[in-house]
Amino acid sequence: MAQGYRKDHNHHYESVYKRPRDPGSDLPSDKRHRPPPAEDRALSADRRLYERHFPLYKQPLEVGCFSLDARRNFFNDHRQLRYYVEPRRSPDFNLRDGYTSRFIKRDDGVKEKLDHMLRWILENKHKMQNSNSSSCALGVDFVTWRGHLTKVLTTPYETQEGWMMAASRFRGSIYISEVETEQARVSRETRSERQEEMMYWGYKFEQYTCADGADGTPDPGGVVNTNEAFCTVVQTRLADHKLLFSGEVDCRLKDPDAPPAPGCYVELKTSAEICTPKQQSNFHRYKLLKWWAQSFLPGVPQIIAGFRDHDGIVVSVETFQTSKISQMIKNEYNCWKPTVCMNFCNDFLTFVKSVVKEDDPRLVYLFSWDPRRDVTYTVHRDSAHTFIPDWYIKDMMSRPSSDH
């Protein structure tokens, strides 16, 4: 059965706190409802522990959006939203075109943290105000980026790359911002020219299939500028956790009768053409996991993929319904399961809540995970990991906790 979104009803979940290297740690702790009393507590990422009922996940609601222009300037509007234009069946797009002459690449060494989302919050705080709670200024438990949650969701099946997430509690909400690991930094700084070009290919595919207006046509002869972005901001709930997060959106359907956002949004992807059963299996096991997680979280219903050959020529385009991906992979032996991903994310957020108790934006709890290890954390005060900026703190402190 395809996994979808659900309205509130009774649901079941357990936490799986455990001590590192505890020989009995495969089983949920009997003390799972109590917060970890000491810093030697950890959270297991063993996928076997998360084979439970699919947790409640409410239909994501778009509460706003914002745009980033060619210089990464923030605008509280949808000026960068583009419209999907369906290509012909054999499009023959050359994804290498313009790489050396019409490409402005964002500096991915600059870490923006949560800054753009925090600017959106300051300009739209009235949209999220929770009049029932004076202890939480925003009325949500967590504020983060969709990409950070995607990494958490896929953790039980990740075998290559670890992650670090910084968390701070401020005015009742916990903010989570990713910290680049040393492995990721080295990988970023040592990318080959071929890897750099293949990253460009994804943006080039968007240029071939997106128009600036509902009645426009794509302009593949233009400049690809990866500073530009359109982002949705959604509110939802995973079990007991109220979430506010933002994620970049590639485009929307041109049809004026399309569902309201995020139901009208489309995720665009590129992938190597599939020629063998082994390639098909790998596509199901690895690529579709990340595609599903990335689109399921914000409620983006469809993914449109351009399959390309070794030389970067798109030979076919295929549409994947996010809600049906779990059906596509069900016959793969020992494949990933959406329920495991969502239960792990739920338990991770419960773990974070139990640890991040002190309401202080200068206090950072750094959660770390590496493949085949547990999630652990360290605590840092007034350190380089502090990520909630002074301008945000000052503005939020100048406002009342809740509007009644």
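Each residue takes its place number in the sequence, starting with 1. The model shown is predicted, which means the values in this text are computed figures rather than measured ones.
- Using the six-membered ring where Trp is involved, Phe351 and Phe367 have ring planes that are perpendicular, over 60° apart on the 30 and 60° scheme.
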Q. Can you list the steps and then say if Phe387 with Val179 is a side chain to side chain contact (heavy atoms under 4.5 Å, CB included)?
A. CA-CA 10 Å; Phe387 63 91; Val179 175; over 6 Å; no

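- Under the 4.5 Å side-chain criterion, counting only non-hydrogen atoms from C-beta, Glu332 is not in contact with Leu288.
- Taking 4.5 Å as the limit, every side-chain heavy atom of Pro298 sits out of range of all side-chain heavy atoms of Pro60.
- Test Lys113, Arg185, Lys111 against Glu180 for salt bridge (charged side-chain N to carboxylate O under 4.0 Å, His left out) and you get one pass: Lys111.
- In terms of heavy-atom proximity, Thr181 sits nearest to Ala184 at OG1-N, 3.0 Å.
- The residues Lys269 and Asp250 are annotated as not salt-bridged, no charged nitrogen and carboxylate oxygen being separated by less than 4.0 angstrom.
- Classification of Asp395 and Lys125 as a salt-bridged pair fails, no side-chain N sitting under 4.0 Å from a carboxylate O.
- Here CG of Asp374 is found 7.5 Å from CG of Leu43. Values are rounded to the nearest 0.5 Å.
- Annotation for Gln321: atom CD counts as buried by contact number, over 12 foreign heavy atoms lying within 6.0 Å.
- The closest side-chain heavy-atom distance from Ile388 to Leu114 is not below 4.5 Å.
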Q: Just do the side chain to side chain contact (heavy atoms under 4.5 Å, CB included) check on Phe296 and Met342 with the steps written out, would you?
A: CA-CA 10 Å; Phe296 181 80; Met342 295 299 286; 3.7 Å; yes

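- Residue His78 qualifies as open at atom NE2: its count of foreign heavy atoms under 6.0 Å is 12 or below.
- The aromatic ring centres of Trp163 and Phe348 sit less than 6.0 Å apart.
- In this structure a side-chain-to-backbone donor-acceptor pair under 3.5 Å is present from Tyr57 to Leu297.
- Of the residues Arg381, Arg169, Arg171, the one that meets the salt bridge (charged side-chain N to carboxylate O under 4.0 Å, His left out) test with Asp360 is Arg381.
- Note: Phe283 and Phe320 have tilted aromatic rings, judged against thresholds of 30 and 60 degrees for the angle between ring planes.
- The distance from the CD1 atom of Ile121 to the CZ atom of Arg119 is 12.0 Å, given to the nearest 0.5 Å.
- A donor-acceptor contact shorter than 3.5 Å is absent between the side chain of Thr386 and the backbone of Pro361.
- Rounding to the nearest 0.5 Å places CG of Leu238 at 4.5 Å from CG of Asn346.
- Using modelled atom types, one finds no donor on one side chain facing an acceptor on the other under 3.5 Å when comparing His148 with Ser177.
- In this structure, OG1 on Thr144 lies 5.0 Å from CG on Leu149, to the nearest 0.5 angstrom.
- Salt-bridge formation is detected for the pair Glu112/Arg106: a Lys NZ or Arg NE/NH1/NH2 atom is positioned less than 4.0 Å from an Asp or Glu carboxylate oxygen.
- In this pair, Tyr365 and Tyr377 present their aromatic rings tilted. The plane angle is within the 30 to 60° band.
- Listed for the Gln279 side chain is a donor-acceptor partner under 3.5 Å among the backbone atoms of Thr276.
- Counting non-hydrogen atoms of neighbouring residues, nucleotides and ligands closer than 6.0 angstrom, the CG atom of Asp215 reaches no more than 12 such neighbours.
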Q: Take Arg237 and Asp141, measure what salt bridge (Lys or Arg N to Asp or Glu O under 4.0 Å) needs, and give me the verdict at the end.
A: CA-CA 9 Å; Arg237 186 157 71 85; Asp141 298 313; over 6 Å; no

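- You'll find the side chain of Cys341 reaches within 4.5 Å of the side chain of Leu289, heavy atoms only.
- Residues Tyr99 and Glu193 bring a donor and an acceptor atom of their side chains to less than 3.5 Å of each other.
- In terms of modelled atom types and a separation under 3.5 Å, the side chain of Ser67 and the main chain of Asp77 share a donor-acceptor contact.
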**Q.** Criterion side chain to side chain contact (heavy atoms under 4.5 Å, CB included) on Asp219 and Gln207, from CA distance to verdict
**A.** CA-CA 7 Å; Asp219 176 21; Gln207 192 182 56; 5.8 Å; no

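- Between atom CZ of residue Arg194 and atom CE of residue Met198 there is a gap of 5.0 Å, rounded to the nearest 0.5 Å.
- Minimum heavy-atom separation, Asn343 to His53: ND2-O, 3.1 Å.
- Checking side-chain atoms of Arg71 against main-chain N and O of Asn227 turns up no donor-acceptor pair under 3.5 Å.
- In terms of heavy atoms, Asn73 sits closest to Phe75 at O-CD1, 3.5 Å.
- For the pair Leu95 and Tyr200, the tightest heavy-atom approach, listed with the atom from each and the gap, is O-CE2, 3.2 Å.
- Closest non-hydrogen pair, Ala45 versus Arg373, comes out as CB-O, 4.2 Å.
- Residues Ser246 and Phe66 have side chains in contact (heavy-atom distance under 4.5 Å, counting atoms from C-beta outward).
- At distances below 3.5 Å, at least one donor-acceptor pair connects side-chain atoms of Lys204 with backbone N or O atoms of Pro220.
- Other residues, nucleotides and ligands place no more than 12 heavy atoms under 6.0 Å from the CG atom of Asp212.
- Under a 4.0 Å N-O distance rule, the pair Asp108/Arg191 qualifies as a salt bridge.
- Rounding to the nearest 0.5 Å gives a distance of 6.5 Å between CZ of Arg372 and OG1 of Thr159.
- Within the 3.5 Å criterion, the main-chain N or O of Gln183 finds no donor-acceptor partner in the side chain of Ser187.
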Q: Report the C-alpha distance between Arg96 and Glu197 in whole Å, list the side-chain angles of each, state the deciding distance to 0.1 Å, and finish with yes or no for side chain to side chain contact (heavy atoms under 4.5 Å, CB included).
A: CA-CA 7 Å; Arg96 307 181 80 167; Glu197 183 177 347; 2.7 Å; yes

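- Cation-pi check for Lys290 over Tyr286 is not met; the charged atom does not lie both under 6.0 angstrom from the ring centroid and within 45 degrees of its normal.
- Open room surrounds CD on Gln160; 12 or fewer heavy atoms of other groups in view lie less than 6.0 Å from it.
- Side-chain contact annotation: Thr319 with Gln302, donor-acceptor N/O pair under 3.5 Å absent.
- Proximity of a side-chain donor or acceptor of Arg47 to a complementary backbone N or O of Tyr157 within less than 3.5 Å is not detected.
- Considering only heavy atoms from C-beta on, Phe103 comes within 4.5 Å of Thr226 through its side chain.
- Residue Cys231 comes nearest to Glu248 through the heavy atom pair SG-CA, 4.0 Å, listed as atom of the first residue, atom of the second, then distance.
- With contacts defined as side-chain heavy-atom distances shorter than 4.5 Å, the pair Pro91/Tyr208 does not qualify.
- Using a 4.0 Å cut-off between a side-chain N of Lys or Arg and a carboxylate O of Asp or Glu, Arg79 and Asp69 do not qualify as a salt bridge.
- Using cut-offs of 30° and 60° on the angle between ring planes, the pair Tyr265 and Phe230 is perpendicular.
- Proximity of Leu68 to Gln80: side-chain heavy atoms (C-beta onward) are nowhere separated by under 4.5 Å.
- Of the possible polar contacts, none joining the Ser295 side chain to the Trp292 backbone as a donor-acceptor pair under 3.5 Å is found.
- Side-chain N or O atoms of Gln327 include none that pairs as donor or acceptor with a backbone N or O of Lys324 at under 3.5 Å.
- Donor-acceptor pairing under 3.5 Å is lacking for the side chains of Thr154 and Trp336.
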